[in-house]
Amino acid sequence: MPDAVVIGGGPAGLSAALTLRARGKTVTVVSAGETGSHLYKAERVENYPGLPGVSGKDLLSAMTNHALAQGAELLHGRATSAMPMGKGFGVAVGSDYLDAGCLILTVGVSMGKPYPGETEFLGRGVSYCATCDGMMYRSKHVAVIGLCNAAAEEAAFLRSIGCQVEYFDKARAKQYEIRGSQTVTELIADGVSYPVQGVFLLRDGVAPDALLPGLALEGGAIRVDGNMAASIPGVFAAGDCTGTPYQVAKAVGEGNIAALSAVKYLDTKEN
Amino acid sequence: MAHMDLTNKNFDSVIGNGVTLVDFWADWCGPCKMQAPVIDELGDKYEGKVTVAKLNVDDEPSIAARFGVMSIPTLIVYRQGEEVTRRVGVQSMDQLETMLGVN
């Protein structure tokens, strides 16, 4: 069991991982892939001290390599839920799960509101994780709404286990509505009806309070104190998910504070 | 006993009596592995008061289909055979107790 699990492989998470390693703690960073980070998409970063005009992609890859070189573990996957368990936390990542001594949430900002029918049919045909629920849909018609880069991979997984997949990427449709009775029966995409028994909604991340039920938010951001401690003991947060400004320098600074607070928490817990 | 395993044969008779919490799960589901120890802890804590049970959706797909369970874990509370409340996804001890109305 690692001392800390960091959810999110952007600058805040990588900065936290680096500081945890410098303090002798073990850490696993769960990342849905670097292309999901907002930094990756930034053509040029003009205000990161010492590196004028660096591309977001280069900066992110340098930060990732730095954290890995210091011994951080990187786990590729999407964290779907977390909760306090025993003396630590459990984190579900795809069809696996990890134990952790403490949690650092660096999940970024997730965009968008739920689609009509999404919440109502969650678990009754709406799923956020193909590798978790795919087996329930063998030989059935399903739609995959791919809003993140890992989505194509998950759609391929569904096909490989025998699902008939209707794939929607960002270009194919904009408006969705999910309908059904006891369970899902159809997806309406830009006014066109598709008869399906399942709809997989694959976003880069899940809302922080859906990821970790009971987590206090403030204006959509994770509520933290000056030590980057969230409302649940042993949970820390940093970066865009704690609110504006959405800047690399702020994310990196907060990741550092969150890690130092996590170290203090872990050391107190041990004694 | 920490939990009871349900099958097609005993499902209706078990949920027909008193209050039963059923964890719908499968081997290949990571979050279900996270849920398992919490379910056993709940079963121990409320032994004699509430029936805490698990149903493997791979072994008993017809029951999962009957209740429209299409994501796992799904947790359902039944009172005298009637569904009272359900939650999808891993639930903490607190949340399970809230579902049962015992905290």
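Protein chains get the first letters and strands the later ones, always in sequence-line order, with residue 1 at the start of each.
With rounding to the nearest 0.5 angstrom, the CH2 atom of B/W28 is 8.0 Å from the CD1 atom of A/I161. Rounding to the nearest 0.5 angstrom, the gap separating the CE atom in A/M85 from the CE atom in B/M34 is 6.5 Å. Distance OG/B/S71 to CZ/A/F200: 7.5 Å, rounded to 0.5 Å. Atoms CE and CG, from B/M70 and A/D133 in turn, are 9.5 Å apart once rounded to the nearest 0.5 Å.
Contact detail for A/R124 and B/E83: the closest heavy-atom pair is NH2-OE2, 4.1 Å. The shortest non-hydrogen separation linking B/V90 to A/S81 is CG2-OG, 3.7 Å. Smallest separation of non-hydrogen atoms from B/G68 and A/T183: CA-CG2, 3.7 Å.
Contact check for B/Q95 versus A/P213: side-chain heavy atoms found under the 4.5 Å cut-off.
Neither the backbone nor the side chain of B/P61 comes within contact range of chain A; no heavy atom of the residue lies under 4.5 Å from a heavy atom of that chain. Using a 4.5 Å cut-off between heavy atoms, A/Y128 does not touch chain B at all. If you measure heavy-atom distances from B/R86 to chain A, the contacts under 4.5 Å come from the side chain alone. Using a 4.5 Å cut-off between heavy atoms, A/V126 contacts chain B through its backbone alone, with no side-chain atom that close. At a 4.5 Å heavy-atom cutoff, the contact between A/V91 and chain B is made by backbone atoms alone. Only the side chain of B/D58 has a heavy atom closer than 4.5 Å to any heavy atom of chain A. Proximity to chain B is absent for every atom of A/A210, based on heavy atoms less than 4.5 angstrom apart.
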Next item on the list: Please report the C-alpha distance between A/M83 and B/V38 in whole Å, then the side-chain angles of each, then the deciding distance to 0.1 Å, and finally whether the side chain to side chain contact (heavy atoms under 4.5 Å, CB included) criterion is met.
Entry: CA-CA 11 Å; A/M83 69 172 185; B/V38 187; 3.5 Å; yes
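No more than 12 heavy atoms of other residues, nucleotides or ligands sit less than 6.0 Å from atom CD of A/E153. Around CD of B/E60, the count of heavy atoms belonging to other residues, nucleotides or ligands within 6.0 Å exceeds 12. Other residues, nucleotides and ligands contribute over 12 non-hydrogen atoms within 6.0 Å of the CZ atom of B/R87.
Across B/A65, B/G30, B/C29, B/S92, the residue that shares the most heavy-atom pairs under 4.5 angstrom with chain A is B/G30.
Side-chain atoms of A/Y97 do not come within 3.5 Å of backbone N or O of B/Q35 as any donor-acceptor pair.
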